[in-house]
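Here the structure comes first, spelled out in structure tokens, and everything after it is commentary.
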Amino acid sequence: VEWNGLFHDQGPLFDNHVEPTSAQAVTLTFRTFKGDITSATIKYYDSADSAFHTVAMSWSSNDATGTFDYWKGTIPASASEKYYRFKITDGTATAWYNAAGISSSEPSSGDFFIIPGFTTPAWMKNGVMYQIFPDRFYNGSTANDVTNGQYTYSGCATEKHAWGSSVFANVSGCNTAVFFGGDLAGIDQKLGYIKNTVGANILYLNPIFLSPSNHKYDTEDYMTVDPAFGSNSTLQTLSADIHSTSNGPKGYLVLDGVFNHTGDTHKWFDRYNWWTSITGAYESQSSPTYGYYTFQSWPNTYSGFFGYSSMPKLDYGASGSAVRNAIYGSASSVVQTYLKSPYSIDGWRLDAAEYIDAGGNGGKDATNHQIMAEMRSAVKSVNANADILGEFWGNAGPWTTNGTEWDGAMNYDGFTQPVSEWITGQDYGGGSASIPASQFDSWLHGTRANYPTNVQQVMSNFLSSHDITRFGNRAGGDIWKTYLALIFQMTYVGTPTIYYGDEYGMQGGADPDNRRTFDWTVGTSTNSAVALTGKLTAIRNAYPALRTGSFMSLLTDDTNKLYVYGRFDATNRIAVALNNDSTSHTVNVPVWQLSMTNGSTVTDLLSGTHYTVQNGVVSVSVNGHYGAILAQ
Ligand code: ARE
Ligand code: CA
């Protein structure tokens, strides 16, 4: 069996129902070199009877170039989750093929998923996300700015600093008390920049609810927008303006749901009696919300996020508990309220979701999964198209492979880390770590295999976040590395997510330096990186193959630091060639793998240059730390 000819994924040419209902049979297509094999079999595990089944595939057709055979087979419709792999024989040798790769012996993991009835939001599959840390993006109203000494929290008096100042920690070392004045009105005023210049249509905002810190991960009241960011009516206006098409394409809004813990000033806890008419859990063991938290020894010893006393952990109790109802279970819950009109948000990013649990333990267990399933039901009951984006830094498979919990997750593990190591030679924390192109490819392959295809397509792929060093820093200020990373980000599988400022290579080390104020003198359409970002998002928006098409690895060259892959569907075939070297290289792109015919023309969507396919190859010179997007 010639392994180089074998291909299947759940792209539109190889799977007729990537999101089947329980009534839809799934017809799979498998590719081999023409005449190479004698039989192909689908072997699938059906969770309904916990047994393996086989389907013999039959030859169906050749590709247009006569290079390949296509084999087809159908897995019958049913409601149960299934996992499949292929067995290929040529009369002598056998090869096994699944999402994790090809092997000569039968694999025990890494199969493709079929999860009837599980859908992820189309707008998340097809959009580009822009992440904003609200205090640092744009000050739309100075009237609401936090002033020096306006209040003191955890011994830290608030400090207001000038936009662009490099002060992130105040004199007492309390970085969370340093404010710059950014707000929701500012975001609203810059929607034109986000939608039209950058080309992003999904906004993800770090926490915006009442809280004494600048990051607002220590919530004081979920039902009130922090006054330094605006009011609940400002949020309604912002949401309406994001959804409106009068300022660019229709947009979507995702908020940060910090539901593992509250702040210690939350009215349910009320450590400092800021809520004078309320008796919180810290104040009395007879408080109506005493049971919302887990005290080992009341009042001073209680479970908190990472042990922080400023972030007491919520105790979710059993199904139907007061906390579950308040957070997501009831019509007036936090989760449901903001999904409904007049806020009409489109999704929740679930902060620290892995730890959510009952009794103050570490989460990641059956109770956590039960809570996540209840949360999904609540979210989808209000808006079936809403997105649930979990925060997890490793393989988020446990929350995404049963179709009952998250739609997707922050892709630290399957995007941010490998991109950083390949392009910058550093991990996302800034430590030295370098991988060659071949390892980059296998890392991506392996992490894609962790997820059903519709989950892969909504994984949030970002270069930086508010929790790690800036990509611009790891790149040592070399803007060409940002160019290369952006080209990869906008042509890879998953929702491209731009942490504000990454579109111009914003600098910054670890928290809090990764939360600098946006520089509006740099973040303009005349900046070359911003212009490239806009061009790339337009390309992604124009070609569905880049969003929901197949992904085929075409070439890795560790010596010349090259990586080439295909994205394709029934309409378009695109080969992306990346050069991670500092000097230019001529890349012979094997477009015969995409069935491009000799003599046909491909166009580099970045440069506009046309090329002719000769001997199954397109020969392209690619600049150092740049790429070509060859489409037909
Ligand atoms: C800040 C400073 C700390 C300081 C602390 C107290 O960063 O150094 O000690 O203040 O003064 C929020 C704020 C942070 C703040 C933190 C605590 O944004 O600025 O810290 O609250 O007050 C783990 C968790 C993951 C978490 C990250 C940060 O699993 O959930 O750590 N991320 C979310 C948000 C954060 C937010 C919180 C949670 C709390 O995105 O912004 O912090 O609501 C490995 C592990 C990960 C681990 C990661 C980083 O890869 O696999 O699980 O993430 O390392 O430690
Ligand atoms: Ca302001």
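All ligand and atom numbering here is 1-based and tracks the order in the structure.
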Under-4.0 Å heavy-atom contact with ligand 1, by part of [X] that carries it:
X: Phe392; result: neither
X: Met410; result: neither
X: Phe305; result: side chain

Ring geometry between [Y] and [X] (parallel below 30°, tilted from 30 to 60°, perpendicular above 60°):
X: Tyr217; Y: His466; value: parallel
X: His161; Y: Phe180; value: tilted
X: Phe392; Y: Trp399; value: tilted

Protein non-hydrogen atoms only, distance under 4.0 Å: does atom 51 (O) of ligand 1 have such a neighbour? yes

Could you check whether [X] pairs with [Y] (Lys NZ or Arg NE/NH1/NH2 to Asp/Glu carboxylate O, under 4.0 Å)?
X: Asp357; Y: Lys364; answer: no
X: Arg349; Y: Asp351; answer: yes
X: Lys195; Y: Asp241; answer: no
X: Arg136; Y: Asp519; answer: no

Please confirm whether [X] approaches ligand 1 to less than 4.0 Å, judged on its heavy atoms.
X: Lys216; answer: no
X: Tyr355; answer: yes
X: Tyr428; answer: yes

Can Asn368 and Glu354 be said to form a side-chain hydrogen bond (donor to acceptor under 3.5 Å, both in side chains), step by step? CA-CA 7 Å; Asn368 171 274; Glu354 64 186 286; over 6 Å; no

Identify the protein heavy atom lying closest to [atom], giving its residue, its atom name and the separation to 0.1 Å.
atom: atom 41 (O) of ligand 1; result: Asp467 OD1, 2.7 Å
atom: atom 44 (C) of ligand 1; result: Trp393 CE3, 4.1 Å
atom: atom 18 (O) of ligand 1; result: Arg515 NH2, 2.9 Å
atom: atom 15 (C) of ligand 1; result: His215 NE2, 4.0 Å
atom: atom 25 (C) of ligand 1; result: Glu391 OE2, 3.2 Å
atom: atom 21 (O) of ligand 1; result: Met311 CE, 3.0 Å

May I ask you to check if ligand 1 and [X] share an N or O to N or O distance below 3.5 Å?
X: Ser310; value: no
X: Arg349; value: yes
X: Thr176; value: no

Of the options Val254, Leu255, Ile388, which is the one that meets Trp348 in a side-chain contact (heavy atoms from CB on, under 4.5 Å)? Leu255

Give a yes/no verdict on a cation-pi contact between Arg324 and Phe259, requiring under 6.0 Å between NZ or CZ and the six-membered ring centre and an angle within 45° of the axis. no

Counting heavy atoms only, name the option from Asp413, Asp511, Asp218 that's nearest to atom 20 (O) of ligand 1. Asp511

Restricting to heavy atoms, the pick from Phe306, Tyr308, Tyr217, Tyr412 nearest atom 36 (C) of ligand 1 would be Tyr217

Tyr563 vs Asp441, test: side-chain hydrogen bond (donor to acceptor under 3.5 Å, both in side chains). Steps then yes/no. CA-CA 8 Å; Tyr563 184 44; Asp441 177 56; 2.6 Å; yes

Verify, without hydrogens or angle tests, whether Lys216 (side chain) and Ser213 (backbone) share a donor-acceptor contact under 3.5 angstrom. yes

Are the side chains of [Y] and [X] in contact, using a 4.5 Å heavy-atom criterion?
X: Asp218; Y: Tyr308; result: no
X: Tyr130; Y: Tyr193; result: yes
X: Met490; Y: Ile498; result: yes

Is the distance between the ring centroids of Tyr302 and Phe269 less than 6.0 Å? yes

Which ligand 1 atoms are under 4.0 Å away from a heavy-atom of [X]?
X: His466; answer: 34 (C), 35 (C), 40 (O), 41 (O)
X: Ala352; answer: 30 (O)
X: His261; answer: 39 (C), 43 (O)
X: Asp351; answer: 33 (C), 34 (C), 37 (C), 38 (C), 39 (C), 40 (O), 43 (O)

Tell me which pairs pass side-chain hydrogen bond (donor to acceptor under 3.5 Å, both in side chains) where either residue lies in residues 181-192, with sequence neighbours left out. Asn144-Asp183

Quick one: give me the number of protein N/O/S atoms under 3.0 Å from the Ca ion (ligand 2). 6

